Amino acid sequence: MSEQLTVTTGEGSFECYVARPDVVGTYPVIIVLQEIFGVNGGIRSIANNYAAKGYIAVAPDLFWRTDPGIQLSEANEADVAKAFSMYQAYDFDHGVQDIAATISAARTMEGSTGKVGVTGYCLGGLMTYLAAARTDGDAFAAYYGGGTDQYLHEAKHIGAPLLYHLAGADEYIGPDAQEQIKAALEGKADAEVHVYPGRQHAFARPGGSHYDHDDATLANSRTDEFFARTLR
């Protein structure tokens, strides 16, 4: 079952795609953070999969300030150019504030247990990491967040459990950046990092050009175990 959730902030309101389990009940919430292509079919499919696993999934529109409701495709050259343009202009600080507002709304939405996890891919992976450092979410699972190495000084503020997936051959997160990310997180008791050798950026996105079924399945199984342990 899907619906929309409106989150209101001091600067305006934005919409979130919501997927619920078919059986009415009380469930933890997982916030699914988009890539640079918006809350498109791929992100909605990930949210739907979480709903099938017994979570309420909420996917906020992170681009609402400039391009509300936009949905882009990796297969379209003009869409890719538009996506990178929006990414370059994106205000990460405002984005974290939006995620914090979404967490707050998710705790009290109908059917929520009050427990809220956050996961995200690409842009959403970076935002998951920043949210782990700056918000009160209960657990965070980041997939290859480009630019994370520029914010490693914030790792000391992460108190909730964090799971981080890295693509070993990521064209946007090079070997040095990956080593820095691992070093920054390895001393934290509730943080774990997994590297998938030979995989490229976006290897876990269904339908993407770099999608790898085996490693996506492995990464997602680790995320499933992580959220079952931290949210249930």
Side-chain angles (χ1 to χ4, degrees), residues 7 16 27-35 39 43 46-47 49-50 53-60 62 90 92-107 109 112-167 170 173 177-178 180-196 202 204-205 216 218-232:
V7 176
C16 308
Y27 302 96
V29 178
I30 293 179
I31 295 172
V32 180
L33 301 180
Q34 67 186 60
E35 300 171 305
V39 184
I43 293 299
I46 292 170
N49 285 337
Y50 276 117
K53 295 171 182 175
Y55 298 93
I56 300 171
V58 176
L62 296 184
Y90 186 66
F92 300 114
D93 294 331
H94 281 159
V96 175
Q97 294 168 18
D98 293 340
I99 295 164
T102 306
I103 292 171
S104 179
R107 291 201 191 282
M109 67 189 302
S112 168
T113 64
K115 285 280 194 177
V116 180
V118 180
T119 189
Y121 305 76
C122 182
L123 166 64
L126 170 61
M127 299 311 297
T128 298
Y129 169 83
L130 291 176
R134 303 184 195 177
T135 76
D136 65 351
D138 296 298
F140 300 84
Y143 287 74
Y144 37 78
T148 298
D149 55 298
Q150 300 174 34
Y151 296 91
L152 294 179
H153 60 282
E154 299 197 35
K156 61 181 178 290
H157 300 303
I158 298 174
L162 171 66
L163 173 66
Y164 203 111
H165 301 290
L166 284 167
D170 198 311
I173 309 173
Q178 295 195 28
Q180 292 169 20
I181 293 169
K182 289 189 288 184
L185 297 177
E186 66 180 358
K188 301 189 71 64
D190 287 332
E192 58 181 292
V193 180
H194 295 281
V195 181
Y196 302 83
R205 172 160 51 85
L218 175 59
N220 292 336
S221 70
R222 287 168 169 162
T223 301
D224 288 345
E225 187 280 329
F226 173 77
F227 280 137
R229 172 166 47 86
T230 55
L231 299 181
R232 295 196 184 277

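These figures come from a predicted structure and were not determined experimentally. When reading the values below, keep in mind they use all heavy atoms of this one structure, side chains included, and skip hydrogens, waters and symmetry mates.
Y90 and L62 get closest at one heavy-atom pair: CE1-O, 3.1 Å. Pairing each heavy atom of G125 with each of A142, the nearest pair is O-CB, 3.5 Å. Of all heavy-atom pairs spanning F140 and A160, the tightest one is CE1-CB, 3.8 Å. For the residue pair A57 and V32, the shortest heavy atom distance occurs at CB-CG2, 4.5 Å. Residues V118 and F227 come closest through the heavy atom pair O-CZ, 3.7 Å. The shortest non-hydrogen separation linking Y129 to L152 is OH-CA, 3.4 Å.
Scanning for side chain to side chain contact (heavy atoms under 4.5 Å, CB included) contacts around A101 gives V7, T9, with sequence neighbours left out. Applying the side chain to side chain donor-acceptor pair (under 3.5 Å) rule to E35 yields the partners R205; only residues at least two apart in sequence or on another chain are considered. Looking at residues two or more places apart in sequence or on another chain, you find no side chain to side chain donor-acceptor pair (under 3.5 Å) involving D149. A search for ring-ring contact (aromatic ring centres under 6.0 Å, His included) contacts involving F226 returns nothing, not counting sequence neighbours. Listed by chain and number, the residues in a ring-ring contact (aromatic ring centres under 6.0 Å, His included) with Y27 amount to none (sequence neighbours excluded). Residues satisfying the side chain to side chain donor-acceptor pair (under 3.5 Å) criterion with T128, sequence neighbours excluded, are absent altogether.
If you take CD1 on I30 and CD1 on I56, they are separated by 10.5 Å, rounding to the nearest 0.5 Å. Put simply, CZ on F92 and CG on L130 are 8.0 Å apart, with the number rounded to the nearest 0.5 Å. Separation of atoms OG1 (T119) and CD1 (I46) is listed at 8.0 Å; rounding is to 0.5 Å. The line from OG1 of T148 to CE of M127 is 10.5 Å long, rounded to the nearest 0.5 Å.
Just one residue in the list V29, V116, V58 forms a side chain to side chain contact (heavy atoms under 4.5 Å, CB included) with I103, and that residue is V116.
Under the 3.5 Å distance criterion, the side-chain polar atoms of K188 are matched with a main-chain donor or acceptor of A155. Within the 3.5 Å criterion, the main-chain N or O of I43 finds no donor-acceptor partner in the side chain of Y121. Q178 places a side-chain N or O within donor-acceptor distance of the main-chain N or O of I173, the cut-off being under 3.5 Å. Between the side chain of T102 and the backbone N or O of D98 there is at least one donor-acceptor pair closer than 3.5 Å.
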Could you please spell out the steps behind the side chain to side chain contact (heavy atoms under 4.5 Å, CB included) verdict for K182 and V195? CA-CA 9 Å; K182 289 189 288 184; V195 181; 4.0 Å; yes

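Within the structure, salt bridge (charged side-chain N to carboxylate O under 4.0 Å, His left out) contacts touching residues 112-133 (residues at least two apart or in different chains) do not occur. Within the structure, side-chain hydrogen bond (donor to acceptor under 3.5 Å, both in side chains) pairs that include any residue of residues 135-145 comprise R107-D138, Y143-N220, Y143-T223 (at least two apart or interchain). Every pair passing salt bridge (charged side-chain N to carboxylate O under 4.0 Å, His left out) that includes a residue from residues 219-232 is listed here, sequence neighbours excluded: K53-D224, E192-R229, E225-R229. Among residue pairs with one or both ends in residues 150-163, those qualifying as side-chain hydrogen bond (donor to acceptor under 3.5 Å, both in side chains) are R134-E154; sequence neighbours excluded.
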